[in-house]
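So the structure is just underneath, and the comments pick up after that.
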Amino acid sequence: MQRFSEGDRVRVDIPDERDPDHQVYHGEHGRVVAVLSDDADSLTADERDAQLYRVAFDSGEMSDFRWRDLRPPIDDSSQT
């Protein structure tokens with residue numbers, strides 16, 4: 001089950017401040033540019049973990065995230 005699709009605007013939501021990605025990505029907005037598959041679901045028994053979402057940020061940087069770290073954007077007026 002895929003939560004997001006290519007082209008969707010998203011924001012990163014990593015509430016755990018101890019997570020090294022929190023400082024870098026928490027609250028950032030971007031666009032899903034690719035949905036990748038792997039076998040992480042075989043380790044977690046959660047089929048949603050089989051997808052990685054590659055997000056291109058407004059800054060031009062890209063990074064990959066699991067479904068649990070992404071949400072729809074909050075009042076993101078840059079949805080073009």
Side-chain angles (χ1 to χ4, degrees):
M1 172 187 221
Q2 204 171 289
R3 183 169 181 183
F4 297 103
S5 299
E6 286 184 34
D8 288 350
R9 290 284 297 172
V10 295
R11 74 179 161 89
V12 178
D13 182 14
I14 304 173
D16 184 353
E17 293 180 3
R18 296 169 296 170
D19 186 314
D21 288 335
H22 174 86
Q23 290 288 74
V24 178
Y25 298 114
H26 182 73
E28 292 294 318
H29 288 83
R31 188 170 308 279
V32 175
V33 295
V35 180
L36 311 170
S37 296
D38 66 12
D39 62 354
D41 62 329
S42 66
L43 299 173
T44 66
D46 187 333
E47 68 182 29
R48 297 172 294 182
D49 288 331
Q51 283 84 39
L52 272 172
Y53 298 93
R54 180 157 294 155
V55 176
F57 295 102
D58 299 338
S59 66
E61 183 180 352
M62 281 195 247
S63 193
D64 297 338
F65 297 93
R66 298 284 173 194
W67 65 274
R68 67 181 53 79
D69 295 329
L70 298 175
R71 305 280 181 271
I74 296 177
D75 189 32
D76 183 15
S77 60
S78 63
Q79 294 185 26
T80 57

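Heads up: numbering here begins at 1 and tracks the sequence.
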Pairing residues for Val33 by the side-chain contact (heavy atoms from CB on, under 4.5 Å) criterion, not counting sequence neighbours =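 Partners of Val33 under the side-chain contact (heavy atoms from CB on, under 4.5 Å) test: Arg54, Ala56, Met62.
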Taking the side chain from Asp19 and the backbone from Asp16, do they hold a donor-acceptor pair closer than 3.5 Å?
->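 Side chain of Asp19 to backbone of Asp16, a donor-acceptor pair under 3.5 Å: no, none is there.
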Excluding sequence neighbours, so at least two apart, what forms side-chain hydrogen bond (donor to acceptor under 3.5 Å, both in side chains) with Asp21?
->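 For Asp21 there are no side-chain hydrogen bond (donor to acceptor under 3.5 Å, both in side chains) partners, ignoring immediate neighbours.
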Considering residues at least two apart in sequence or located in another chain, which fulfil the side-chain hydrogen bond (donor to acceptor under 3.5 Å, both in side chains) criterion with Asp13?
->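 Arg71.
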Once rounded to the nearest 0.5 Å, what's the spacing between atom [atom1] of [X] and atom [atom2] of [Y]?
X	Y	atom1	atom2	answer
Glu28	Asp58	CD	CG	8.0 Å
His29	Arg9	NE2	CZ	7.0 Å
Gln51	Phe4	CD	CZ	12.0 Å
Arg11	Ile74	CZ	CD1	3.5 Å
Ile14	Arg68	CD1	CZ	11.5 Å

Side-chain contact test, heavy atoms from C-beta onward, threshold under 4.5 Å: evaluate it for Asp64 versus Val55 and give yes or no.
->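 Asp64 does not reach Val55 side chain to side chain.
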With the side chain counted from C-beta on, respond yes when Val12 and Phe65 share a heavy-atom pair under 4.5 Å apart, and no when they do not.
->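 Result yes, sub-4.5 Å side-chain heavy-atom pair found.
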Check: Glu61/Tyr25 side-chain N/O donor and acceptor closer than 3.5 Å |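 Tyr25 and Glu61 do have a side-chain donor-acceptor pair below 3.5 Å.
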Could you please spell out the steps behind the side chain to side chain contact (heavy atoms under 4.5 Å, CB included) verdict for Leu52 and Val35?
-> CA-CA 6 Å; Leu52 272 172; Val35 180; over 6 Å; no
